[in-house]
Amino acid sequence: MWKRFRYHIAIFFAVIGPGFITAMVDNDAGGILTYSQAGARWGYLPLWTLLPITVLLIVTQEMCSRMGAVTGKGLSDLIREEFGLRITFLVMAVLVLANLTNMIADFSGIAGSLEIFGIPRWVSVPIGAAVVWLLVVKGTYASVEKIFLFACLVYVAYIVSAILVKPDWKEAAIYSVRPVLMLQGAYIYMLIGMVGTSIAPWMQFYLQAAVVEKGVTAKEYKESRIEVIVGCIAMSVIAFFIIVACAGTIYAVAPRDLQVPADAAAGLRPFGTYAYLLFAAGLFNASLFAACILPLSTAYSVCEGLGFESGVNRRFREAPIFYWLFTLLIVIGAAVVMWPRFPLVKMILFSQVINGVLLPFVLIFMILLINKQKLLHEWTNSRFYNFVAWASVALMIGLTMALVALSIQDMMRGAS
Amino acid sequence: MPDQRLFFTELLGLKVFDLKGRTLGVVKDAAIVPLLDPVRVDRYLIGSGAAWLTVRHDQVRSVSLDGIHLRDEILTPYHSDEYMLRVVRDLLDQQIIDAQGRKVVRVTDVTFEIHQQDGGEVLWVLDVDIGLRAIFRRLVQGVLPPRWTRRLQGGIPPHSIRWEFCNILEPDPQRRLRLNISNRLLEDMHPADLADIVEDLTPEHREAIFENIDSEVAADALSEVEPNIQASILESLETEKAAEIVEEMAPDEAADVLAELEPETSDEILEEMEHEPKEEVRELLEFEEDSAGGMMNTEYVALPENATVEDAILALKSNEELMETLNTLFLVDAGERLTGVVPLARLFLHDGTIPLRSLAVETLIDAPVTEHRDRITELFDKYNLLALPVVDEEGKLAGVITADDIISVLREK
């Protein structure tokens with residue numbers, strides 16, 4: 001029994017690489033809450049988005065790992081070399097903004113998960129911030145990464161839960177393939193959030209850097225690609241079951257918006273009294289995991305793009321901007337959450353919408369780069385890839401414009 | 001005088017006037033021709049309408065923030081030239097090596113110095129600018145007037161690298177020649193620093209560096225590079241060059257590197273090597289990586305049991321290349337079996353006629369080739385060793401493990 005268990009752990013870690021880690025971090029506080037909210041408010045309706053999201057996720061992640069393997073350079077390096085400093089500055093500003101909202105979301109996740117145990121946020125958030133900062137600066141992060149990853153197994157609880165609540169599988173199956181479009185502010189808001197949380201701007205930078213760091217070359221790239229695809233599918237499967245579980249437990253009773261993170265624990269109701277425990281553990285792990293990776297990855301990307309010294313093996317004096325950047329991301333992210341009566345769920349969902357709105361900025365430059373013959377040689381994009389990528393850019397910009405238009409309309413109505 | 005300086009961000013877009021003060025166009029790029037002069041801006045590329053024109057440095061009367069005034073207005077159309085190092089195309093936003101600071105940096109701006117030459121003004125490249133101040137200039141370039149920019153940037157600390165310490169990266173060997181890029185700066189660096197730099201570069205640039213630098217420097221640097229990068233570098237090189245570098249490495253390090261490669265590649269490289277180092281490396285490759293045999297080095301000095309201090313000094317003279325790290329001599333009997341260990345320093349305290357036997361340490365500590373790595377590090381710790389002899393099944397001296405090998409092992413953990 002023990003032997004088999006060990007064997008399974010071995011398999012688990014064998015498939016793990018940059019692609020899988022990125023996919024797991026992707027299901028952070030923003031991910032869990034966005035999917036839970038989608039299921040709680042809209043039931044099975046949003047399930048159709050997962051198929052195109054998975055395709056787009058695979059396309060973007062594959063593009064990044066291919067660029068990393070072929071050029072041996074990070075995404076911000078390539079943007080700097082090909083588009084110059086001003087564009088780099090703009091893209092980095094976008095990245096910092098998006099990740100600042102993600103940090104707020106993840107500290108909200110830490111606050112929300114520990115509030116379930118009665119720990120107030122003015123205790124949990126500062127301690128969380130200090131832990132994250134120390135893990136990163138002391139270089140102990142690498143040794144705890146596997147623990148974070150292993151703890152991601154808690155997502156299996158959603159699969160079990162989704163099956164136990166006996167959801168309407170027929171309806172779930174139909175809505176998985178039947179797109180529903182509604183010109184309704186809240187619905188479009190949810191759609192942008194779904195895309196933004198699944199395909200966040202930071203992932204592209206993180207994954208490409210990780211592929212370069214690992215020293216994957218164009219020759220060995222095929223194995224890497226499989227790992228990326230497996231990671232993307234794993235992420236979408238988890239998203240599917242979170243939505244189904246929340247649709248079955250919350251939406252089926254009464255469709256509603258989540259008010260506090262603990263509301264989302266209802267998605268695990270079949271576990272009885274353990275539901276809150278499981279949910280809190282999952283949310284806490286996901287939030288802490290992402291809170292470690294995000295500021296570090298942001299600081300690396302920005303410093304590499306703008307040409308500042310970077311790396312936790314350098315001293316503060318040698319790489320001041322690097323250290324300031326990730327320290328500020330942590331401090332601001334944590335400080336905002338400390339605000340009394342800060343609406344945790346609302347802000348978490350909002351942060352993912354921001355990610356969705358900003359995604360096209362990064363995507364456009366990725367597509368332009370990966371089609372450059374002189375960089376990628378025979379590895380440039382196929383027509384299918386370009387079609388999917390450009391279509392997504394158009395779609396995300398379209399959705400954002402629709403959202404803005406609907407919000408303005410609402411405001412005008414409110415004014416008159 | 002601050003006015004003697006000009007930043008490239010200011011040069012770019014500067015108006016060019018002919019003899020009558022009419023505008024001919026604006027500066028689009030500046031080019032250095034390193035074969036002619038490594039610091040002087042040789043040509044200015046001027047955009048006027050759709051076409052680009054070339055202004056030679058000796059056609060310029062004056063250069064200032066107000067524009068470039070010519071003294072000769074017969075300009076030729078620009079056509080791409082392999083001998084030119086163009087600032088915008090080849091330098092700006094690209095990575096270069098800062099040989100003094102020993103790191104890879106990204107060029108944000110370039111500082112020129114204005115000099116008088118033959119009755120006209122020429123620009124000499126002074127610094128390559130990195131850091132916040134240069135970023136500020138790039139961001140506001142064309143938005144704020146240059147004089148405001150100069151005043152405002154005063155509050156930001158400058159960060160520049162002298163042009164003579166800049167090593168430009170160019171993967172194309174043909175173009176390297178035409179641009180007169182030498183590796184002198186890299187070859188003068190400490191191999192460990194060069195190794196750190198190489199790790200920061202892309203595979204393409206790593207290959208270019210190892211293809212061109214001296215094999216001895218390459219070998220020293222390669223020994224210090226991380227194992228997976230070592231392998232990818234050797235695989236990217238021509239077999240002949242790879243063999244040349246591996247030959248120059250210490251046999252134990254060569255064996256470690258070759259063990260990381262695909263079997264076919266390492267066989268090919270071994271084939272190309274000279275007979276003697278090849279056999280040594282082959283033998284070392286037979287051992288498990290984490291055994292004493294896999295860790296040991298076959299470069300040592302062994303003397304017969306009855307040798308004297310004088311014999312030892314003679315032996316050392318013929319092994320001069322080992323002197324930098326050698327600290328121990330070994331004594332072997334007629335059957336090459338290890339019988340004693342003599343710390344090098346003891347030679348200096350005794351007359352030439354004294355037999356080495358009497359200088360040997362009291363307890364002989366050695367390890368069999370099959371001993372595990374962990375046990376070896378324990379021995380070093382317990383007996384405070386600098387070098388540990390390794391013997392085969394018959395007690396014959398096979399090699400030596402030195403303290404620096406142990407430090408690498410411990411650091412890996």
Side-chain angles (χ1 to χ4, degrees), chain A residues 67-93 139 142-143 208-209 211-221 300-311 313-315 317-322 324-325 374-377, chain B residues 8-9 12 88-96 98 101-109 128-143 156-157 159 161 169 171-172 196 199-207 225-233 235-236 260 262 265 413:
Chain A
M67 267 198 279
V70 177
T71 64
K73 287 177 187 164
L75 186 53
S76 48
D77 290 287
L78 284 178
I79 292 176
R80 173 73 187 269
E81 284 173 17
E82 298 300 318
F83 302 109
L85 189 108
R86 278 191 189 155
I87 296 278
T88 312
F89 195 83
L90 180 78
V91 175
M92 292 302 124
S143 48
Q208 188 164 339
V211 167
V212 172
E213 178 69 36
K214 211 181 155 200
V216 178
T217 59
K219 265 189 291 173
E220 311 147 354
Y221 164 67
Y300 268 115
S301 303
V302 171
C303 288
E304 268 161 28
L306 298 180
F308 300 123
E309 293 258 327
S310 58
N313 51 352
R314 304 226 198 279
R315 272 166 300 185
R317 240 198 11 234
E318 294 172 314
I321 295 182
F322 173 80
W324 271 117
L325 198 56
K374 81 167 190 199
L375 290 177
L376 274 289
H377 313 292
Chain B
F8 184 75
T9 38
L12 200 63
V88 174
R89 186 188 62 187
D90 303 323
L91 214 49
L92 229 47
D93 297 322
Q94 305 302 313
Q95 287 185 319
I96 59 167
D98 165 11
R102 294 163 305 198
K103 51 185 177 254
V104 183
V105 297
R106 208 174 270 290
V107 181
T108 302
D109 200 356
V128 154
D129 304 325
I130 59 179
L132 271 180
R133 188 188 268 207
I135 287 178
F136 169 73
R137 282 202 301 270
R138 284 286 292 283
L139 286 177
V140 300
Q141 172 195 358
V143 179
I156 312 171
H159 195 168
I161 297 153
L169 294 162
D172 180 4
D196 280 347
E199 284 174 1
D200 280 343
L201 297 175
T202 64
E204 186 182 43
H205 287 138
R206 288 177 194 148
E207 186 190 338
V225 172
E226 286 193 21
N228 64 332
I229 299 179
Q230 278 180 334
S232 83
I233 290 173
E235 271 163 12
S236 70
E260 293 279 330
E262 303 269 321
T265 325
K413 286 190 177 174

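Numbers restart at 1 for each chain; the letters A, B, ... are given by sequence-line order, proteins then strands. Fair warning: this is a prediction, and the values are worked out from it, not measured in the lab.
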*Show your reasoning for whether side-chain contact (heavy atoms from CB on, under 4.5 Å) applies to B/Glu262 and B/Glu235.*
CA-CA 9 Å; B/Glu262 303 269 321; B/Glu235 271 163 12; 3.7 Å; yes

_Residues of residues 73-80 of chain A contacting chain B, heavy-atom criterion under 4.5 Å, by residue number_ = A/Lys73, A/Asp77, A/Arg80

*Pairing residues for B/His159 by the side chain to side chain contact (heavy atoms under 4.5 Å, CB included) criterion, not counting sequence neighbours*: B/Ile130

_Restricting to side-chain hydrogen bond (donor to acceptor under 3.5 Å, both in side chains), what partner residues turn up for B/Thr9, sequence neighbours left out?_
B/Asp109

*Do the side chains of B/Asp200 and B/Lys103 get nearer than 4.5 Å, heavy atoms only?*
no

*Identify which part of B/Ile229 has an atom lying under 4.5 Å from any heavy atom of chain A, answering side chain, backbone, both or neither.*
neither

*If you check every heavy atom in residues 302-309 of chain A against those of chain B, which residues fall under 4.5 Å?*
A/Glu304, A/Gly305, A/Leu306, A/Gly307, A/Phe308, A/Glu309

*Side-chain touch B/Arg138/B/Asp93, heavy atoms, less than 4.5 angstrom*: yes

*May I ask you to test the B/Glu199-B/Glu226 pair for a side-chain heavy-atom distance under 4.5 Å?*
yes

*Check each atom of A/Thr88 against the heavy atoms of chain B and say whether the ones under 4.5 Å are side chain, backbone, both or neither.*
neither

*What residue, out of B/Val105, B/Ile135, B/Val88, has the most heavy-atom pairs lying under 4.5 Å from chain A?*
B/Ile135

*Evaluate the side-chain proximity of B/Gln95 to B/Leu169: yes if any heavy-atom separation is below 4.5 Å, no if none is.*
yes

*How about B/Phe8 and B/Leu92: do any of their side-chain heavy atoms sit closer than 4.5 Å?*
yes

*Pairwise side-chain contact, B/Leu132 with A/Ile321, heavy-atom cut-off 4.5 Å (strictly under)*: yes

*Tell me, side chain or backbone of B/Val107 under 4.5 Å from chain A's heavy atoms, or both, or neither?*
backbone

_chain A interface, residue from B/Val104, B/Leu139, B/Thr108 that has the most non-hydrogen pairs under 4.5 Å_ = B/Leu139

*Nearest heavy-atom neighbours spanning A/Met92 and A/Ser301*: SD-O, 3.8 Å

*Looking only at heavy atoms, which two atoms of A/Gly311 and A/Tyr300 are closest? And how far apart?*
CA-OH, 3.3 Å

*Smallest separation among heavy atoms of A/Gly68 and A/Val211, with atom names*: C-CG1, 4.1 Å

